[in-house]
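Naming convention: chains lettered A, B, ... in sequence-line order (proteins, then strands); numbering from 1 in each chain.
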There are 2 protein chains.
Amino acid sequence: MPPKANPRSSEIPTPKGEEPGSPAQRDRRKRIIDATLALAASGGYNAVQMRAVADKAEVALGTLYRYFPSKVHLLVAGLAREFQQTRDKLERTTIPGETPADRLVFVLGKTTRALQRDPHLTEAMVRAFMFADTTAAAEVELVGGLMEDMFATAMGKQEPTEHDRAIFHLIADVWMANLIAWVSRRASASDVHQRLELSVRLLINGTSS
Amino acid sequence: MPPKANPRSSEIPTPKGEEPGSPAQRDRRKRIIDATLALAASGGYNAVQMRAVADKAEVALGTLYRYFPSKVHLLVAGLAREFQQTRDKLERTTIPGETPADRLVFVLGKTTRALQRDPHLTEAMVRAFMFADTTAAAEVELVGGLMEDMFATAMGKQEPTEHDRAIFHLIADVWMANLIAWVSRRASASDVHQRLELSVRLLINGTSS
DNA sequence: CCATGCACTATAACATGTTCTAGTATTGTG
DNA sequence: CACAATACTAGAACATGTTATAGTGCATGG
């Protein structure tokens, strides 16, 4: 990871709420993320090479860097897009399970299995997420917010309390740490599922609400 | 992170139990890790440049790579050495606290504060730990084992059960995830301490033993 | 319509992780 | 001690993330 960050003059605002920029720009941004995820799916983190992304997205390298100031930004933005989709799908679904904890376990299990169906893609996105430095903090927090949304939806909490959010945060930490362990072959899929279930059971208990 | 791994012919065995190699080799290995940690302390992950490490350790670049096949291996080995020291110190200490959970919270708090006293060093080691790929799985597991040891010592469990170990694992996940959040300025020191305390309280309850 | 500014392209240049090569030193073994 | 094997050194070479430069085209305000 050679030189430092890239303080450009004219900023491309991160999509916050509605999509910014001209239609052509939105299209370029989409093509870039499409290319990123396609390369990630085929060969993981190492296969996401900036020149390859630019080529596949049919933009110049400089344009790629104008939209995403680093490889990590790119991959975390990709993860955000994926999680947005997952969250939106969740919100249109009925989640099975007796208790809120059951439903959360169900959602975590289902999402984890979906991620595990594409190991390279997951490896690329999750490693970037964990590796992100301060310059990508905003993108990482976006993803964190999406995880919170998903958990809140799963548990049917419209407006979670501070305490709920603290618990969600812990579960998100455990989730991501286990995905990292899984992509680096230090944990099996069943290890991951067991640990997730255990942590939900323990963390959602002891909770007052 | 350019090319791929480095499959050398003659292996340098990872120190497992007793130190391997000739005295000169042990000395080189020590110099290399010293240089790594010094550079990390001064400028974090980015300041740990392989040429700089080799220079400071007074070995050739090729030798550096013979001892540690990548920058990540190097930094994770550094973290392992630091944690070994922490663990050994712990084992010679009396840990205050009424309950095992209290003592674990104490140890986590104290160790975390120590890490936070050297933000650059911590940033370098923890990011490498999280970024590690399959080729560094062994080193990462070493660190994981050290964390388990520390937690077991803190709680006074000579031979933890499978369940204990599962809990330790979850706490280690939360710990590392929060350190990552702290080094990327997404969490304050007090956020980290609060979350650690909360997770210990909740995870050590609900536990049968 | 024209001038100005800005986004984009192509491409080179640079920084740093990693690998390779040739030669030299060291170490272990008969 | 002599030899063979292994380890080390210096340095070049290569791969890929990142930055910089020069030119082109398009859109917008006058």
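Remark: P of C:dT16 and CG of B:Leu74 are 16 Å apart, rounded to the nearest angstrom. A straight line from CG of B:Leu64 to P of C:dT16 spans 16 Å, rounded to a whole angstrom. The interatomic distance linking B:Leu39 (CG) with C:dT16 (P) rounds to 12 Å, in whole Å. Between A:Ile32 atom CD1 and C:dA7 atom P the separation is 14 Å, expressed in whole Å. Distance B:Arg66 CZ to D:dA10 P: 15 Å, rounded to the nearest Å. Nucleotide D:dT6 holds its P atom 15 Å from the OH atom of B:Tyr67, rounded to whole Å. Atom CG of B:Leu61 and atom P of D:dA7 are 18 Å apart (whole Å). Between the P atom of C:dG17 and the CZ atom of A:Phe131 lies a distance of 10 Å, rounded to the nearest Å.
Taking only side-chain atoms of A:Arg28, from C-beta outward, the nucleotide of D:dG17, C:dA7, D:dT9 with the closest atom is C:dA7. Closest contact between the side chain of B:Gln25 and the listed nucleotides D:dA7, C:dT18, C:dC8 involves D:dA7. Of the candidates D:dG17, D:dC8, C:dA7, the closest approach to any side-chain atom of A:Met50 belongs to D:dG17. Among D:dG17, C:dA7, D:dT9, the nucleotide with an atom closest to any side-chain atom of A:Lys71 is D:dG17. For B:Ala60, counting side-chain heavy atoms from C-beta on, the closest listed nucleotide (D:dT18, C:dG17, D:dT9) is D:dT9.
Considering A:Asp173, A:Leu196, A:Leu198, A:Leu203 as possible partners of B:Leu170, the one that fulfils the side-chain contact (heavy atoms from CB on, under 4.5 Å) test is A:Leu198.
The environment of B:Arg26 atom CZ is dense: over 12 non-hydrogen atoms of other residues, nucleotides or ligands sit within 6.0 angstrom.
For A:Arg51 against D:dT18, a side-chain N or O and a base N or O form a donor-acceptor pair under 3.5 Å.
The pair A:Arg51-A:Asp55 does not count as a salt bridge, with every side-chain nitrogen at least 4.0 angstrom from each carboxylate oxygen.
The aromatic ring centroids of B:Phe129 and B:Trp175 lie 6.0 Å or more from each other. Separation of the A:Phe131 and B:Tyr45 ring centroids falls under the 6.0 Å cut-off.
Residue B:Ser22 is out of contact with every strand shown, counting any heavy-atom pair closer than 4.0 Å. Contacts of B:Val53 with the nucleic acid, taken as non-hydrogen atoms under 4.0 Å apart, are absent.
Comparing A:Val59 and B:Val48 by the nucleotide of DNA chain C that holds the closest heavy atom to each, the one mapping nearer the 5' end is A:Val59. Each of B:Glu58 and A:Ser70 lies near DNA chain D, and the nucleotide nearest B:Glu58 is the one positioned closer to the 5' end.
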